[in-house]
Amino acid sequence: MAQVIQRVWRSGPRKVKRVAYGYTCQDKDGKQIRKSDASWSREDAEKALAARLLNPAAGECGSAPEQHPVVTFKAMTERYLKEKEISRKRTVGNDRKIITRLLAFFGESTPLTEITAPRIAEYRVMRMTTKSEKTGRTLEPGSVNRELSVLRGLLRLAADEECGYLEKAPKVRLEREPQGRLRFLSDDERDRLLDECRKAAAHPVESCRSPFLYTVVVVALHTGMRKSEILNLEWDRVNFSRGVIQLETTKNGSRREIPMNQAAYDVLSTLPKNGPRLFPRSVRTAFEGALERAGIKNFHFHDLRHSFASWLTMKGRPLRDVQ
């Protein structure tokens, strides 16, 4: 029996409903044939089935040619970004900038099937020999890999059964990255830094003044939270009765709860509530000033997270728990 069929499923972290149409029929040997396409509407599926019945010898590709338009690279980038927006990925802004560079190299009207492994290798070599506009130095492997990762994700989506635009995604080889730096505070450095952060609340230079810097740094040192997670924290996510901080959106897109120790509890519980967010502005300049006054060199805010992890490890906590 020949008929139009409908596939319904949910995908992604938010379980977004997807619908695809297709058809089922029997060939001349009585074998059941099923074909669907995520880009088809019901009308498209009906036309494809009619074309198949009128021309059985055409096999799986018996649908009318107009049902399989050439998918351009630009069209696929738009589909990729839309998927990112649906999943509410935090990196969608950076992905847009990367895709602008990819489109400039590969061409907006280039058929998706022409984005091959050799062409991707050309792009990788080109970017690895490009100098940064900010630093004047050749791009780091990590920067190039972030661009290649977006391209790889886009092509894998194109080859996924939800799209079906590619039979197989071409290989995207990433560059080998050097081992990351690992810097954490000694006990003496920690005490000097916290002392300067406390003084920053009344610093005579406005750019170095911050009434929130001490609290932000204490929370980072005692919870291991990232700077963005701390600065975007809202009061309804701080549960003092349970002693936890609830993070809705993290770097990997999952929810998690951060336990507060006494030090983190004390500094947060004394903060004034002047709005939904705990911290109204950035502390970057004030933090850099505190580091300079404390005589601490080669240190970044993210290294506070390393310090938290190293202290837990030294206290005998299993590495798996620290991770």
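- Between D187 and R190 there is a salt bridge, with a side-chain nitrogen of the basic residue lying less than 4.0 Å from a carboxylate oxygen of the acidic one.
- One finds the CD atom of Q3 at 13.5 Å from the OH atom of Y23 (value rounded to the nearest 0.5 Å).
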**Asked** Does the pair R305 and R226 meet the rule for a side-chain contact (heavy atoms from CB on, under 4.5 Å), with working shown?
**Response** CA-CA 7 Å; R305 182 172 166 85; R226 298 178 175 88; 3.3 Å; yes
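- Side-chain contact between L291 and L193 is present, with heavy atoms from C-beta onward closer than 4.5 Å.
- Within the 4.5 Å cutoff, side-chain heavy atoms of F299 are placed close to those of F287.
- E189 places a side-chain N or O within donor-acceptor distance of the main-chain N or O of S186, the cut-off being under 3.5 Å.
- Closest approach of A45 and G22 over heavy atoms only: CB-O, 3.5 Å.
- Between the H203 side chain and the V205 main chain, a donor and an acceptor come within less than 3.5 Å of each other.
- The cluster map of Ile, Leu, Val, Met, Phe, Trp and Tyr, joined by side-chain heavy atoms under 4.5 Å apart, puts L148 and M128 in the same cluster.
- Contact check for D95 versus L81: side-chain heavy atoms found under the 4.5 Å cut-off.
- Comment: R209 does not engage E206 in a salt bridge, judged by the lack of any side-chain N to carboxylate O separation of less than 4.0 angstrom.
- At a threshold of 4.5 Å between side-chain heavy atoms, the hydrophobic network of Ile, Leu, Val, Met, Phe, Trp and Tyr places M126 and V172 in one connected group.
- Here E167 contributes atom CD and T113 contributes atom OG1; the two are 10.5 Å apart, rounded to the nearest 0.5 Å.
- When all heavy atoms of V144 and R124 are compared, the closest pair comes out as CG1-O, 4.4 Å.
- Residues E78 and K74 are paired through a salt bridge, judged by an N-O separation under 4.0 Å between the basic side chain and the carboxylate.
- Taking the side chain as every heavy atom from C-beta outward, F301 and R284 never approach each other to under 4.5 Å.
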**Request:** Give the C-alpha distance, both sets of side-chain angles, the deciding distance and a yes or no for side-chain hydrogen bond (donor to acceptor under 3.5 Å, both in side chains) between T24 and Q32.
**Result:** CA-CA 7 Å; T24 179; Q32 196 71 22; 2.6 Å; yes
**Candidate pair D160 and L166, rule side-chain contact (heavy atoms from CB on, under 4.5 Å), full reasoning** = CA-CA 8 Å; D160 189 86; L166 295 175; over 6 Å; no
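- In this structure, CD1 in I98 is found 10.0 Å from CG in L151, a value given to the nearest 0.5 Å.
- Ring geometry for F240 versus W235: interplanar angle of 30 to 60°, hence tilted.
- Judged as a salt bridge (Lys or Arg N to Asp or Glu O under 4.0 Å), the pairs with a partner in residues 101-110 (not counting sequence neighbours) are, in order, R101-E147.
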**Asked** Hey, mind stepping through M76 and I115 against side-chain contact (heavy atoms from CB on, under 4.5 Å) and telling me if it holds?
**Response** CA-CA 11 Å; M76 191 60 222; I115 310 299; over 6 Å; no
**Request:** Please step through side-chain contact (heavy atoms from CB on, under 4.5 Å) for the pair E229 and R256, ending with a clear verdict.
**Result:** CA-CA 11 Å; E229 294 171 343; R256 76 176 195 268; 3.3 Å; yes
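- The two residues T270 and V267 have their closest heavy-atom pair at OG1-O, 3.1 Å.
- Here R277 does not pair with E234 in a salt bridge; the nearest charged N to carboxylate O distance is not below 4.0 Å.
- Contact check for L49 versus C25: side-chain heavy atoms found under the 4.5 Å cut-off.
- Here the side chains of L247 and E257 are not in contact, with every heavy-atom distance at 4.5 Å or above.
- Using a 4.0 Å cut-off between charged nitrogen and carboxylate oxygen, R127 and E175 do not count as a salt-bridge pair.
- Atom OG1 of T116 is separated from atom CD of E114 by 8.5 Å, given to the nearest 0.5 angstrom.
- Applying the 6.0 Å contact sphere to CD of E46 captures more than 12 heavy atoms from other residues, nucleotides or ligands.
- By the 4.5 Å heavy-atom criterion applied to side chains, L278 and F212 are not counted as neighbours.
- Ion pairing between a basic and an acidic side chain is recognised when a charged N comes within 4.0 Å of a carboxylate O; R192 and D188 show such pairing.
- Each of V217, T215, V216 was compared with V283 under the side chain to side chain contact (heavy atoms under 4.5 Å, CB included) criterion, and only V216 meets it.
- Here the CG-CD1 distance, from N94 to I99, works out to 11.0 Å after rounding to the nearest 0.5 Å.
- In the hydrophobic cluster analysis, where Ile, Leu, Val, Met, Phe, Trp and Tyr join through side-chain heavy atoms closer than 4.5 angstrom, L174 is grouped together with L155.
- Taking NZ of K199 as the start and SG of C208 as the end, the distance is 13.5 Å to the nearest 0.5 Å.
- Side chains of L102 and L154 form no contact here, defined as non-hydrogen atoms less than 4.5 Å apart.
- Of the options T223, N239, I258, a side chain to side chain contact (heavy atoms under 4.5 Å, CB included) to V244 is made by N239 and by none of the others.
- With hydrophobic clusters built from ILVMFWY side chains whose heavy atoms lie under 4.5 angstrom apart, L271 shares a cluster with I230.
- In this structure, S307 contributes its side chain and L185 its backbone to a donor-acceptor pair below 3.5 Å.
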